[in-house]
Student: 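The structure is given below, and queries will be raised subsequently.
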There are 2 protein chains.
Amino acid sequence: MTTRTAAQRRELAAIEYNAFVRECPTHKLLSRISDKWVSLTLVALAGGPQRYSELTRTMPGISEKMLTQTVRSLERDGIIARTAHASVPVRVDYRLTPLGETLLPVMRQIKDWAERHIDEVEEARDYFDGATSDSA
Amino acid sequence: MTTRTAAQRRELAAIEYNAFVRECPTHKLLSRISDKWVSLTLVALAGGPQRYSELTRTMPGISEKMLTQTVRSLERDGIIARTAHASVPVRVDYRLTPLGETLLPVMRQIKDWAERHIDEVEEARDYFDGATSDSA
DNA sequence: CAGAATCCAAGGGGATACTG
DNA sequence: CAGTATCCCCTTGGATTCTG
């Protein structure tokens with residue numbers, strides 16, 4: 001007898017939904033570009049190719065581990081390309097691929113919205129905070 | 001004598017950069033909408049207002065804690081609005097604000113890019129994985 | 001210079017139980 | 001119904017060290 005229908009069904013639905021979310025292209029993209037270092041790397045490379053060490057200087061807050069991890073994953077996704085020059089001190093360049101370039105307009109629209117509406121958000125936030133914790 | 005210039009300056013730069021990133025509107029927006037539950041809530045409410053319990057059914061994977069946290073933060077940012085009806089069993093509706101609606105085109109562009117290019121990403125990924133770990 | 005490997009602390013997020 | 005509060009796990013990401 002299936003007594004635990006409520007909990008069971010909820011659990012199943014949750015599992016399915018999570019699977020669906022994982023499969024959802026939009027969510028995949030969002031989780032890619034929303035990554036702090038991913039977006040910053042994209043912006044950094046939008047201005048042209050950069051070397052590994054240049055990137056560490058462009059993004060002073062990034063650790064080597066995170067930089068390596070970030071460029072590797074972006075390379076894997078075909079968003080940036082890696083070029084190793086076999087010189088004496090190895091030299092590696094990273095640049096956006098054509099696919100990566102198509103991402104720039106998207107980033108730009110996000111940037112536009114942010115710059116246009118962030119003030120409204122701040123205001124709403126102040127108002128909300130004032131309204132809830134009114135110390136009067 | 002300032003001996004530790006290298007490490008010190010790196011550290012300072014990192015701190016400043018992190019502060020800059022935190023202040024950056026684009027990054028603020030990205031971290032908002034990239035949140036798994038935020039984006040899903042936005043999509044859910046794009047189709048019209050929903051009650052608290054409806055949202056839990058629309059997003060079966062979400063916990064009550066996360067739903068509350070998500071709607072509260074979106075309300076604070078002026079992106080969604082909360083309306084409590086003082087009926088016997090309390091009834092609360094959530095809907096997008098005009099500001100929240102302006103976010104939909106942005107979400108749509110993200111969705112478009114994802115649906116148009118996700119295949120290329122998958123291919124690149126397969127190629128990359130095949131090229132690196134070639135079991136020959 | 002470019003990167004791999006290890007260690008470890010902080011916090012995001014889920015499950016559960018309780019409340020008005 | 002619409003939350004709130006607590007516990008706890010497990011991932012994320014930084015610091016450090018080592019290598020080709």
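The sequence lines fix the lettering, A, B, ..., with proteins before strands; numbering per chain opens at 1.
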Student: Holding to side-chain hydrogen bond (donor to acceptor under 3.5 Å, both in side chains), I want the full list of residues that pass it with E54(B), two or more places apart in sequence or in another chain.
Tutor: none
Student: Quick check on side-chain contact (heavy atoms from CB on, under 4.5 Å): which of L40(B), I62(B), L45(B) does L55(B) satisfy it with?
Tutor: L45(B)
Student: Quick one: which of dA2(D), dT4(D), dA2(C) gets closest to the side chain of R82(B)?
Tutor: dA2(D)
Student: What closest approach, in Å, do T102(A) and L99(A) show between heavy atoms, and which atom pair accounts for it?
Tutor: OG1-O, 2.5 Å
Student: Base, sugar-phosphate alone, or nothing: which one does T68(B) contact when heavy atoms must sit under 4.0 Å apart?
Tutor: base
Student: Distance check: side-chain N/O of R51(A) vs OP1/OP2 of dC1(C), anything under 4.0 Å?
Tutor: no
Student: T83(A) vs R91(A), test: side-chain hydrogen bond (donor to acceptor under 3.5 Å, both in side chains). Steps then yes/no.
Tutor: CA-CA 8 Å; T83(A) 319; R91(A) 176 205 171 108; over 6 Å; no
Student: Expressed as a whole number of angstroms, how long is the span from D93(A):CG to dA2(C):P?
Tutor: 8 Å
Student: If you look at every heavy atom in R51(B) and V90(B), which pair is closest and at what distance?
Tutor: NH2-O, 4.3 Å
Student: Mind telling me whether Y17(B) and W37(A) have parallel, tilted or perpendicular rings, with 30° and 60° as the class edges?
Tutor: parallel
Student: Dump every N/O contact between nucleotides 10-17 of chain C and the protein below 3.5 Å, one line per pair.
Tutor:
residue: dG13(C); atom: N7; partner: K65(B); partner atom: NZ; Å: 3.0
residue: dG14(C); atom: OP1; partner: W37(B); partner atom: NE1; Å: 3.3
residue: dG14(C); atom: OP2; partner: W37(B); partner atom: NE1; Å: 3.4
residue: dG14(C); atom: O6; partner: K65(B); partner atom: NZ; Å: 2.6

Student: For dC1(C), take OP1 and OP2 only and decide whether either is under 4.0 Å from a side-chain N or O of Y94(A).
Tutor: no
Student: Could you state the CZ-C1' distance from R57(B) to dA2(D), rounded to the nearest angstrom?
Tutor: 12 Å
